[in-house]
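Letters go in sequence order (proteins before strands), and every chain restarts at 1. Worth knowing before you read on, the calculation uses all heavy atoms, side chains too, and leaves out hydrogens, waters and symmetry mates.
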Number of protein chains: 2
Amino acid sequence: MALEHAILVSLLEQPGSGYELARRFERSIGYFWTATHQQIYRVLGRMEGDGWIDVRHVPQEARPDKKEYSVAAAGRAALSAWLHEPIQPDSVRHELAVKIRGAAFDDPAALIREVERHHGAHTDRLTRYLAGELRDFTGPDAPAPGDTGRELQHVVLRGGIAYERMTLAWLEDVLATLRRLAER
Amino acid sequence: MALEHAILVSLLEQPGSGYELARRFERSIGYFWTATHQQIYRVLGRMEGDGWIDVRHVPQEARPDKKEYSVAAAGRAALSAWLHEPIQPDSVRHELAVKIRGAAFDDPAALIREVERHHGAHTDRLTRYLAGELRDFTGPDAPAPGDTGRELQHVVLRGGIAYERMTLAWLEDVLATLRRLAER
DNA sequence: ATTATCATGTAACCTGTTACATGATTAG
DNA sequence: CTAATCATGTAACAGGTTACATGATAAT
């Protein structure tokens, strides 16, 4: 039950529409939580019903009108309560790892392409994260000392970067292993 | 739709009961896929209905009887088909990261304990993985060159180890950041 | 013409979690 | 006597995915 809370955090950082939230989940929030627009609209409806968020109808020209959501007092309270509850460490889901172990019962060499493809996708992600870090957290845009929000955003981004780097190194290990096995 | 496939891989490595599968998902398979016994029994029922697996009733003394499942031809074919399909790189879900960014709107110092707790849990996991590696993949029990299955199991375990090490380093970064913010 | 972007939603389905339920044996 | 291990399941609910659905503007 954390999509609600991820949305609350995002709306506290910056109010916005369901569409805008969906875009943020593709970008910055995407490196620690994912959600599609269908999920977001559903949850926004529930959160509005529960009084966690307020809506403001924003008419626009040359674009469809939008509903801008912002966090209400009850939402802030719900977030605060959740922050003080312990959660259990997340467990991983690596579909690719299932495939790698499954390859023992099929042709390991056939997996090489797939692993290379994943390596490419993770390289792209890492590149985007690093570009974001350079843009938002270095030079004149570095967070001022005491800018808690920005500092915390940065440490989470560093987590995303560390994850992608570790994944790339592991995929290279996997490729070397698969190639060694394919040679015989 | 990978629980089916994870179960197929596990049953190919070693036939077993739903209970045994649940235990494996807590251990070796747990570092890349999780499932509870409820989920496993439900999926085993469906897989049996689809003819992917065969059941053998095994009477036992001093223990409840068990149903031993093994992979049928149709199951092997289904696994093989899935192995040849491309999958999209897994997206991450780090509930703790949601909390860290949320802490900007609450008390960051209050998160320190929680992060320390997670650090402890990941340390335990890493210790277990390393013990498993030592036991199963070094010394006299090292996989013979050409033992594809064992080699692939090892590379997946190395992925679990790399993940835990990266996570621990990141959590230390998070702790340092939170402590710095709490000092002011 | 076609594709991309902005903007919102419904419906059906599949997956995952939590709680409930039973019952024997073995070790402390 | 209490907890752990072995063994299997049901039921209700929450969360996530896929497909369908609409409709405007702007850029190529």
Side-chain angles (χ1 to χ4, degrees), chain A residues 1-8 15-27 29-30 32-50 53 55-69 78 82 85 87-95 98, chain B residues 1-7 15-27 29-30 32-50 53 55-69 82 85 87-95 98:
Chain A
M1 210 198 266
L3 177 54
E4 276 94 332
H5 304 109
I7 288 176
L8 286 172
S17 67
Y19 185 84
E20 281 160 356
L21 283 168
R23 305 219 67 205
R24 291 184 212 167
F25 274 85
E26 278 172 13
R27 294 165 189 279
I29 303 170
F32 59 90
W33 205 265
T34 48
T36 58
H37 81 272
Q38 293 89 338
Q39 248 183 298
I40 290 167
Y41 284 119
R42 194 208 289 165
V43 172
L44 281 173
R46 185 170 61 216
M47 289 169 79
E48 197 196 330
D50 291 343
I53 51 178
V55 204
R56 195 170 62 92
H57 188 256
V58 180
Q60 295 188 118
E61 281 165 45
R63 281 183 194 190
D65 294 356
K66 66 176 181 177
K67 296 185 191 173
E68 195 182 73
Y69 292 96
W82 177 73
E85 272 169 31
I87 50 172
Q88 46 182 110
D90 303 289
S91 45
V92 206
R93 292 255 158 115
H94 285 315
E95 216 173 338
V98 181
Chain B
M1 211 196 265
L3 177 54
E4 275 95 331
H5 304 108
I7 288 176
S17 67
Y19 185 85
E20 282 161 355
L21 283 168
R23 305 219 67 206
R24 291 184 213 168
F25 274 85
E26 278 171 14
R27 295 163 189 278
I29 303 170
F32 59 90
W33 204 266
T34 48
T36 58
H37 81 272
Q38 293 88 340
Q39 249 183 298
I40 291 166
Y41 283 119
R42 193 209 287 166
V43 172
L44 281 174
R46 185 170 60 216
M47 289 169 80
E48 197 196 331
D50 291 344
I53 50 178
V55 204
R56 196 169 61 94
H57 189 255
V58 180
Q60 294 187 119
E61 280 164 47
R63 282 184 194 188
D65 294 357
K66 65 175 181 177
K67 297 184 189 173
E68 194 181 74
Y69 293 96
W82 176 74
E85 272 169 32
I87 50 172
Q88 46 181 111
D90 302 288
S91 45
V92 205
R93 292 255 157 113
H94 284 316
E95 216 173 338
V98 181

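Residues satisfying the side-chain contact (heavy atoms from CB on, under 4.5 Å) test with A:Pro64, not counting sequence neighbours, are none. Scored by the salt bridge (charged side-chain N to carboxylate O under 4.0 Å, His left out) test, B:Glu20 finds B:Lys66 as partners (sequence neighbours excluded). Listed by chain and residue number, B:His37 satisfy the ring-ring contact (aromatic ring centres under 6.0 Å, His included) test with B:Tyr41 (two or more places apart in sequence, or in another chain). Residues passing the side chain to side chain donor-acceptor pair (under 3.5 Å) test with B:Arg42, sequence neighbours excluded: none. Residues satisfying the ring-ring contact (aromatic ring centres under 6.0 Å, His included) test with A:Trp82, not counting sequence neighbours, are A:His5. For the salt bridge (charged side-chain N to carboxylate O under 4.0 Å, His left out) test, no residue two or more places apart in sequence or in another chain qualifies with B:Arg23. Evaluation of the side chain to side chain donor-acceptor pair (under 3.5 Å) rule for B:Thr34 yields A:Arg93 as partners, not counting sequence neighbours. Taking the side chain to side chain donor-acceptor pair (under 3.5 Å) definition, one finds that A:Glu48 meets it with nothing, sequence neighbours left out. Among residues two or more places apart in sequence or in another chain, the side chain to side chain donor-acceptor pair (under 3.5 Å) test is passed with A:Gln38 by A:Thr36.
Each of A:Pro64 and B:Asp65 has a nearest nucleotide on DNA chain D; the 5'-most of these lies closest to B:Asp65.
Heavy atoms of B:Gln60 sit under 4.0 angstrom from primed sugar atoms or phosphate atoms, though from no base atom.
The structure places OG of A:Ser17 at 9.0 Å from CG of A:Leu44, a figure rounded to the nearest 0.5 Å.
For DNA chain C, the neighbouring residues in residues 17-27 of chain A, judged by any heavy atom under 4.0 Å, are A:Ser17, A:Gly18, A:Tyr19, A:Arg23.
Comparing the local axis fitted to the first five base pairs of the helix from C:dA1-D:dT28 to C:dG28-D:dC1 with the one fitted to its last five gives a bend of 40°, rounded to 10°.
The CZ-P distance, from B:Arg93 to C:dT17, rounds to 11 Å in whole Å. In this entry the distance linking CZ of B:Arg42 with P of C:dC14 reads 11 Å, nearest Å. Look at CD on A:Gln39: it is 19 Å from P on C:dC13, rounded to the nearest Å.
Checking side-chain atoms of B:Asp90 against main-chain N and O of A:His94 turns up no donor-acceptor pair under 3.5 Å.
Mapping heavy-atom proximity under 4.0 Å, the span of DNA chain D touched by chain A runs 5' to 3' from D:dG15 to D:dA26.
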